[in-house]
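Taking it in order: structure first as structure tokens, then the write-up.
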Amino acid sequence: PLPNTGQRHHTREHRRIFIVAIMADTSEANGLGGAETMSEPELRETVREYLHRRGYTRAEAALLEEEQSSSSSTVVHSLPELGASVLSPGHASAGQIVSHYSKEETLSPTAAYETAYSALSQWCDNSLEIYRGELCRVLYPLYVHAYLRLVLQDYADDAREFLHRHAGLHPEHVDEIQRLHAIITPAQVHSDPTSQLWRSNRYNLVMTAHGFELLNSFLQQNNSMALLSIMNQYLNIKVLVADQSLSAPLLPTGNVRAAEAAFLEYCGLPPLPSLPDIQSRIDLHKARPVYWGLIKGSLPEKALGGVVADPSLANVGSGPAPPRSLAVDSSASSLSEADQLLLLENARKRVRVTSISPPSICFFTFLNTHDELKCVATSSDASKVAGGFNDSTVRLFNLERNSSNLFNVRAPTAEDWEQYSVTTPFQPQSQYDDPSPIRLLGHSGSVYGMDFSPDGKFLLSASDDTTARLWDLNTNRNLVVYKGHNYPVWDVSFSQLGYYFATASHDRTARLWSTDHVHPLRIFAGHLSDVHCVEFHPNSSYVATGSSDKSVRLWEVQTGECVRVFTGHQAPIYCLAFSPDGRLLASAGEDQVICLWDLGSGRLIQSFRGHSGMVHSLSFSQEGLVLASGGSDRTVRLWDLAEAVKDANERPTGVTVVQKYPSKYQLAAYPTKRTPVYSVQFTRRNLLLASGVFLPDP
């Protein structure tokens, strides 16, 4: 039986199938060979006769109406004419969308994105405070997708300029912007994991109804079709629907915690723990004992001759170190006769560094590498300097073979005076050999972290390719590749014993490794964002980590549990340092503040202010009386710890003094000409080694 064609809800596809069935039935009934012998008008006439003969009046009327509508739609209009004809006078915004395409064709893609994004960022910054927060959250996803679209259209130079020009609007996404900087070709856009993550998922945002209306109106009124297309394709904006009366606001405006609770409830997420709950968890961590004392027979204790701290620091902490219950293999820290002689020589030649006797500073400057150099590491005896570069190479400079001749400059002879004229005077030449570095090849991504072993015979490197590698510096070959992280590895650190090491990664974890295992022994999970830096405690029983979540955590190596949480920074943390006696921990980062923590009580002792840029590195002197820091403000600064700890001990418990700029504990500041300081490190003889990359004139 045939279907009831009188139902108007049948689609055109169903009608076409039904017409073919009728056509076949009619052709066979009339003795025709097939439908291919009939023209389109004849076919339609046959179908109408069939419907009329069978009494399908509704189907016949519907078919006639469809023929009339199809015949009247053959007129072709231009895009502006079509937009003007289909829209009523009240649809002004939709008319702008249709008619704008002819205007936007006159702008290049670079100009379209630059003009639209600059106008939007300025408008969001000048908007009312009640809407500024939700409006500014739209800027970052639009910024990323605009850059990726410019790269896809082969505007690499313009895309990089766009990325640099607006990077200052997103300081909380510095790491991700750094990864986007490496995407410069369309092929990389299609293959890079970060790009694929952005392009294959929608960015979720929640906005109030009025805030979304303001944003949409601004983009349409300014003909920002480039940004509107990104919003339609890659953003998932949920508009809060509630009572629109003024007496019932969409979100609480006077209580931040209430606003967060309403947002989480709308998204179906569990509520945040209350502030007392968070504080109770931190207090629980701080209640656990920390064995900050050195292991008997360890390399640091022998190197320091058994005296690890000045008596003025004795009052810091929660009393003497608790008795150790961890079994330590004494053979792991045994020293050869040559090592013992070297430690004795270092102890004999060590210079005591205090507030009245500052250290000597040796600065290593990298030239012509300002766009490529990512990190610098120096061996403890200053015999080797290594640099990690953006081209996935590690470059090793061996200074030991030329240290005796580095400053051995010969005097001019009679032949020299005869050879050189007045206009071309004699240039004293050092007998320093060829300083070209040794290239260590193996990584497939930028190298972000390095560390020498305590004996200087091995080097660890961490890379964007999610791996860490161990290099033998005698043969300059890669020995082991350590795989375990799922995302780029930002930092790596050897333990004081030289057998264990730790890594920090973008996957929000730090991991403990041993050199003879290719898989991690412990995974330290608990941070809410990237773990940027990692540092071993002098007794090798604890690992400290700094993260983008603005916190520092102390982990126990034996159990993998967190035993301390230090909060107080206002920006991501990029460097850590332990005092030689293991009582103090220093941390610093993007907020330009150095925080000094007491491990025993978990409290903040002092905060040092003086840097005007990000702090990249920290290091304690061998006596623990002076702290050195280096940062992007192109200075090396020294801080008086003895005075800072003395003032902290005199304050009542629980009272923290916020120091003004600059801090009174700053001993000295040593500026460079145009060289940001990437690394500072005290040697065993208290020589301060610093390094950085020279920035050319803009």
Side-chain angles (χ1 to χ4, degrees), residues 285-286 288-295 298 300-301 303-304 307-322 353-355 359 493 496 533-546 551-556 563-569 573 575-589 593-609 615 617-629 637-651 653 655-657 659 663 665-667 680-682 686 688:
H285 287 309
K286 292 181 179 180
R288 304 185 61 177
V290 172
Y291 301 93
W292 45 259
L294 295 178
I295 298 175
S298 64
E301 186 185 37
L304 298 172
V307 180
V308 297
D310 188 87
S312 62
L313 301 181
N315 294 329
V316 179
S318 55
V353 175
T354 63
S355 58
S493 177
Q496 302 293 337
C533 52
V534 62
E535 189 73 20
F536 266 94
H537 191 274
N539 65 13
S540 299
S541 297
Y542 300 94
V543 172
T545 55
S551 70
V552 178
R553 290 176 179 255
L554 187 68
W555 310 85
E556 189 176 1
V563 296
R564 290 289 185 274
V565 178
F566 304 101
T567 59
H569 282 281
I573 301 164
C575 56
L576 300 168
F578 282 100
S579 62
D581 63 352
R583 296 171 182 253
L584 305 177
L585 172 64
S587 61
V593 179
I594 302 172
C595 293
L596 189 65
W597 310 92
D598 174 25
L599 294 185
S601 62
R603 67 188 178 97
L604 176 64
I605 298 178
Q606 293 289 358
S607 59
F608 304 141
R609 300 176 183 270
V615 182
S617 182
L618 298 169
S619 181
F620 282 86
S621 65
Q622 296 299 327
E623 296 83 9
L625 299 178
V626 174
L627 176 68
S629 62
R637 297 176 186 264
L638 301 179
W639 310 90
D640 187 359
L641 297 185
E643 187 68 21
V645 171
K646 179 182 177 181
D647 292 347
N649 291 331
E650 295 176 352
R651 290 199 309 265
T653 304
V655 177
T656 302
V657 178
Q659 296 295 326
S663 174
Y665 303 114
Q666 178 176 303
L667 296 177
V680 292
Q681 177 182 341
F682 277 101
N686 269 340
L688 181 57

message = Minimum heavy-atom separation for Cys575 and Ser617, please, with both atom names.
response = SG-N, 3.7 Å
request  = Mind checking the CD-CZ spacing from Glu535 to Phe578? Nearest 0.5 Å is all I need.
outcome  = 7.0 Å
remark   = What one should report as the nearest heavy-atom pair of Glu556 and Tyr542 is CA-CD2, 3.8 Å
key: Nearest heavy atoms of Pro538 and Ser579, plus distance in Å   = CG-O, 3.4 Å
query = Once you round to the nearest 0.5 Å, how far does CZ of Arg637 lie from OG of Ser629?
reply = 7.0 Å
message = Minimum heavy-atom separation for Phe566 and Asp598, please, with both atom names.
response = CE2-O, 4.1 Å
key: Donor-acceptor pair, side chain of Arg564 and main chain of Leu599, under 3.5 angstrom   = yes
query = How close do Trp597 and Ser587 get, heavy atom to heavy atom, and via which atoms?
reply = NE1-OG, 2.9 Å
message = Nearest 0.5 Å, please: how far is CG in Asp647 from CD1 in Ile605?
response = 11.5 Å
inquiry  = Treating His537 as the side-chain partner and Ala544 as the backbone partner, does any N or O pair qualify as donor plus acceptor under 3.5 Å?
reply    = no
request  = Evaluate side chain to side chain contact (heavy atoms under 4.5 Å, CB included) for Asn686 paired with Glu623, printing each intermediate quantity in order.
outcome  = CA-CA 9 Å; Asn686 269 340; Glu623 296 83 9; 3.0 Å; yes
Contacts of type ring-ring contact (aromatic ring centres under 6.0 Å, His included), residue Phe620, not counting sequence neighbours = none
ask   = Do Leu688 and Val626 come close enough that some side-chain heavy atom pair is under 4.5 Å?
value = no
request  = Take Val645 and Tyr665 through the side chain to side chain contact (heavy atoms under 4.5 Å, CB included) test and state the conclusion after the steps.
outcome  = CA-CA 10 Å; Val645 171; Tyr665 303 114; over 6 Å; no
key: Gap separating the CG atom of Asp640 from the NZ atom of Lys646, nearest 0.5 angstrom   = 10.0 Å
ask   = Any donor and acceptor pair, going by atom type alone, linking the side chain of Ser619 with main-chain N or O of Ala628 inside 3.5 Å?
value = no
key: Spatial distance of atom CG (Leu618) from atom CD (Gln681) [nearest 0.5 Å]   = 12.5 Å
request  = Work out which heavy atom in Cys533 is nearest to a heavy atom in Ile573; give both atom names and the distance.
outcome  = SG-O, 3.9 Å
request  = Please tell me if the side chains of Cys595 and Leu604 come closer than 4.5 Å, counting only heavy atoms from C-beta onward.
outcome  = yes
request  = Quick one: pull up CG in Leu667 and CG in Leu627 and give me the separation to the nearest 0.5 Å.
outcome  = 10.0 Å
query = Tell me, do Pro359 and Leu638 make a side-chain contact under 4.5 Å, heavy atoms counted?
reply = yes
